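As structure tokens, the structure follows; a few thoughts come after it.
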There are 4 protein chains.
Amino acid sequence: MLARVSTNPAFKRLPRAVREQQMLDAAVKVFSRRGYHAASMDEIAEDAGISKPMVYAYLGPKEDLFVACLHRECTRMIEAIAGAAAPDLPPDERLWRGLRAFFGFVGAHRDGWSVLYRQTRGEPPFAGQLATMRARMVEVIAGMLDDALRAQGREVRETDLEVIAYALVGASESLADWLADNPTADPEKTATRMMNVAWLGAGQLIEGAVWRPADG
Amino acid sequence: MLARVSTNPAFKRLPRAVREQQMLDAAVKVFSRRGYHAASMDEIAEDAGISKPMVYAYLGPKEDLFVACLHRECTRMIEAIAGAAAPDLPPDERLWRGLRAFFGFVGAHRDGWSVLYRQTRGEPPFAGQLATMRARMVEVIAGMLDDALRAQGREVRETDLEVIAYALVGASESLADWLADNPTADPEKTATRMMNVAWLGAGQLIEGAVWRPADG
Amino acid sequence: MLARVSTNPAFKRLPRAVREQQMLDAAVKVFSRRGYHAASMDEIAEDAGISKPMVYAYLGPKEDLFVACLHRECTRMIEAIAGAAAPDLPPDERLWRGLRAFFGFVGAHRDGWSVLYRQTRGEPPFAGQLATMRARMVEVIAGMLDDALRAQGREVRETDLEVIAYALVGASESLADWLADNPTADPEKTATRMMNVAWLGAGQLIEGAVWRPADG
Amino acid sequence: MLARVSTNPAFKRLPRAVREQQMLDAAVKVFSRRGYHAASMDEIAEDAGISKPMVYAYLGPKEDLFVACLHRECTRMIEAIAGAAAPDLPPDERLWRGLRAFFGFVGAHRDGWSVLYRQTRGEPPFAGQLATMRARMVEVIAGMLDDALRAQGREVRETDLEVIAYALVGASESLADWLADNPTADPEKTATRMMNVAWLGAGQLIEGAVWRPADG
DNA sequence: TATGAATGAGCATTCATTCAT
DNA sequence: TATGAATGAATGCTCATTCAT
């Protein structure tokens, strides 16, 4: 029934916004390490250097906490990509820059990627959220392809475009996953490889074609 | 006089192998629905129509049970693909048959696919297993590409091939995932689309190129 | 993760029905002592000489457990009263026997009475249940009074009867409460007193009237 | 220059006594709605429009707060009744006025009644307090009866009187309870009914006797 | 005075796992 | 073989209470 607060002088009473970020950092880390279910609120709180009730006070129960992680990481990623792939570039350049930003993000936020991608997919309560996010990505890419087609005066059934975009997203995710597991790998190079597959296709690659970044 | 264990005609003392398959069926179903952690041994036992101690007696603790599921589904899938993509076919035909078999399998075993792909990826204790399996797939595909290259008297660094193969596998997984979530979708058509992206690449698709199965 | 079952040879694996009664006994005792909220499932389990999961397995969560207690005690009480107050007796005799059975029950099951009456009334989730039970009692008593009236060729508005019955029930509850708190008090005597107030009223009592049981 | 604590006109630095009443109001409301244990200090503070530490500063920990509620409501009720039932009236008139005041109070302070009666009874830590208060009421009523007896030159054992008084109090509580649950019911009428049962008893009521207030 | 920030401690509930029959 | 009975060990969540500002 007693509650004795630490008298450690190094202890700081931080404003809410700061503590929330600390908590999210810890949560992303722990969720990524253990998976959603195996992650315990105890470990997250401890890792954040704060007591459990504060986590609940600020970010709510476990599910909400996970969703908050998702949102933060997702926003960061989308911003990184959207900031790089300006809409007025030619399609291949746009795709290239987007991919570079994407792999750059994954390389720099491996934990975030794990939470976003691996954990979310397997947990029924959140799978829907992920599907929605991915659908947005797919739409953007499909739109990109569509623009390119129209510029050539051609057209393709929307479903086809969507499925193609799905495949591209999937391939990128897979490489990102590989990147997250290989800390020594170079994001830039991974992006280049992805661009080759995506743009040229296995057929042309076999024929010896190569795509190279204009600036590298 | 004979000793009768039970006179209830509904009661069946099934041979071990059959019982094990029933349990695995139930386990795959429940794991797929709930995810590894959220799945309870109680539900699995009940779904298998058997008591919990029997599950333990036959397949061991939860982890072992999950691994057993993984193995069974994985074996089935690899057999399906390997049986279709005969090594003496030309590379595009081989790829095409492999993809067709793959999507056919996913369409027919959605639960198995979910366990294999979604659940396993998010659960740290098993992620390694999945990585190993996928590495085998990647190796096969990379080998396929390598064969094609050598046939043309050309060569590519192994790492590059591997990454390309990774991308192809990832794209397939992504479409498979989409297929698993869209019960009305046609596996055959999905395979065709995948083949187009994989073989021709986005660049050529934009130019209007199309790949079509020889037999359809 | 280990679960080692006691090897104490005095330990007995009891059939479900027995264990359930033990649990209910313990629960009634603890609820009565502590009140619904302050009672912990731990204490109940320990008092029942069994582990918590068994309580949950057999009787469900705390709320259900409490309701089960209510039901058992209520049934016992109603049976005791109904068995005593045969409908073919004259009204005063019937009332008298009912009261005697009631106070007898309370004297013999003080814990049960506390759960039934004190705890239930204060806890919003269960107050409704108690109200329903009491309404049944009231109805019975009102019916008894009504019979007596009709036998005299007279009639009273139903609401009035109901309120009178309410008052009688309340007075009995209050005395029961007093009885439960005074372990040395005699249930029989308490019943007699209650009968005096109920039947004669304060006015006549002041005038010196006395009601006495025919058989005592 | 004057030091201004706040320029916000909505902000009011209220005198301590007022603040305390606000808090008690909130506490009574919340305790009545939720019950002692289920009521949270958070909700009480919020309902009082003040921060939690203030509640502690003014009224101490939860137990003290509840006791304060009890005291206030109890005092109010006793004052209402004592003010109405002047000791120089004839016994029936005195009883009648007391009952009228009592039911009037309950009708006007349903929350207070609930705290006083329902919550307190179920919570072991406070049950004693309630018993004491009720004992005072009982004593008063018993005294009233005793006066009436002596006026007739008669006498009854004290215990008997006490038990009778207990029954009357209990009956009143029960009707009060009913009244608190039926917001449309008329306190005056309820008092009349109670008076009938109390004064005449079931026996006479069956015979057709009726008691009516002199002034109504 | 007044409050946001903080916590120790407890509690209901569930689950994988095993024993005795 | 087959299962009902049983439990240790967590884990999510809440609450009364207090400190630092």
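Proteins get letters first, then strands, A, B, ... in listed order; numbering begins at 1 in each. These numbers were taken from a predicted model, which means no experiment stands behind them.
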With DNA chain F as reference, determine whether C:Ala17 or D:Gly60 sits nearer its 5' end, using the nearest nucleotide of each.
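Its nucleotide being nearer the 5' end, the pick is C:Ala17.
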
Candidate nucleotides F:dG12, E:dA16, F:dA6, ranked by approach to the side chain of B:Lys62 - the nearest:
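Nearest listed nucleotide: E:dA16.
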
Side chain of A:Arg13 only, heavy atoms from C-beta on: which candidate in F:dC13, F:dC19, E:dA16 is closest?
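That would be F:dC19.
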
Spacing between [X] atom [atom1] and [N] atom [atom2], to the nearest angstrom:
{"X": "B:Leu59", "N": "E:dA16", "atom1": "CG", "atom2": "P", "value": "15 Å"}
{"X": "A:Leu65", "N": "F:dT14", "atom1": "CG", "atom2": "P", "value": "13 Å"}
{"X": "C:Glu43", "N": "E:dA12", "atom1": "CD", "atom2": "C1'", "value": "15 Å"}
{"X": "A:Asp64", "N": "F:dC13", "atom1": "CG", "atom2": "P", "value": "9 Å"}
{"X": "A:Ile44", "N": "F:dC13", "atom1": "CD1", "atom2": "P", "value": "11 Å"}

Can you list, in residue-number order, the parts of residues 51-58 of chain A that come under 4.0 Å of DNA chain E, counting heavy atoms only?
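Residues of residues 51-58 of chain A under 4.0 Å from DNA chain E: A:Ser51, A:Pro53, A:Met54, A:Tyr58.
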
Using modelled atom types only, decide if a donor and an acceptor are shared between the side chain of A:Thr120 and the backbone of A:Leu116 within a distance under 3.5 Å.
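Judged by distance alone, yes, a pair lies under 3.5 Å.
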
Give a yes or no answer on whether the side chain of C:Ser114 reaches the backbone of C:Arg110 with a donor-acceptor pair at less than 3.5 Å.
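Here the side-chain-to-backbone pair does not exist.
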
With side chains defined as the heavy atoms from C-beta onward, is the minimum distance between [X] and [Y] less than 4.5 Å?
{"X": "B:His71", "Y": "B:Gln129", "answer": "yes"}
{"X": "B:Phe31", "Y": "B:Ile44", "answer": "yes"}
{"X": "D:Met41", "Y": "D:Leu65", "answer": "yes"}

Pair D:Arg33, D:Asp47 - check salt bridge (Lys or Arg N to Asp or Glu O under 4.0 Å), show working.
CA-CA 12 Å; D:Arg33 263 208 238 310; D:Asp47 197 275; 5.4 Å; no

Using a cut-off of strictly less than 4.0 Å between a heavy atom of the residue and any atom of DNA chain F, enumerate the qualifying residues of residues 20-42 of chain A by number.
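Only A:Ala39, A:Ser40, A:Met41 qualify.
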
When you measure from the centre of the six-membered ring of D:Tyr36, is the NZ or CZ of D:Lys62 closer than 6.0 Å and no more than 45° off the axis?
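Yes, D:Lys62 lies over the aromatic ring of D:Tyr36.
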
Identify whether NZ of Lys or CZ of Arg in D:Arg16 sits under 6.0 Å from the centre of the six-membered ring of D:Tyr58 and within 45° of that ring's axis.
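Ring-cation test returns yes.
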
Does F:dA2 have its OP1 or OP2 closer than 4.0 Å to a side-chain nitrogen or oxygen of B:Arg19?
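Checking B:Arg19 against F:dA2: at least one side-chain N or O falls below 4.0 Å of OP1 or OP2.
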
Please test C:Arg34 against C:Glu43 for salt bridge (Lys or Arg N to Asp or Glu O under 4.0 Å), starting from the C-alpha separation and ending with a verdict.
CA-CA 10 Å; C:Arg34 312 268 189 216; C:Glu43 187 176 357; 2.9 Å; yes

Could you check D:Ile50 against B:Pro61 and say which one's nearest nucleotide on DNA chain E is further toward the 5' end?
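Per heavy-atom nearest nucleotide, the more 5' residue is D:Ile50.
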
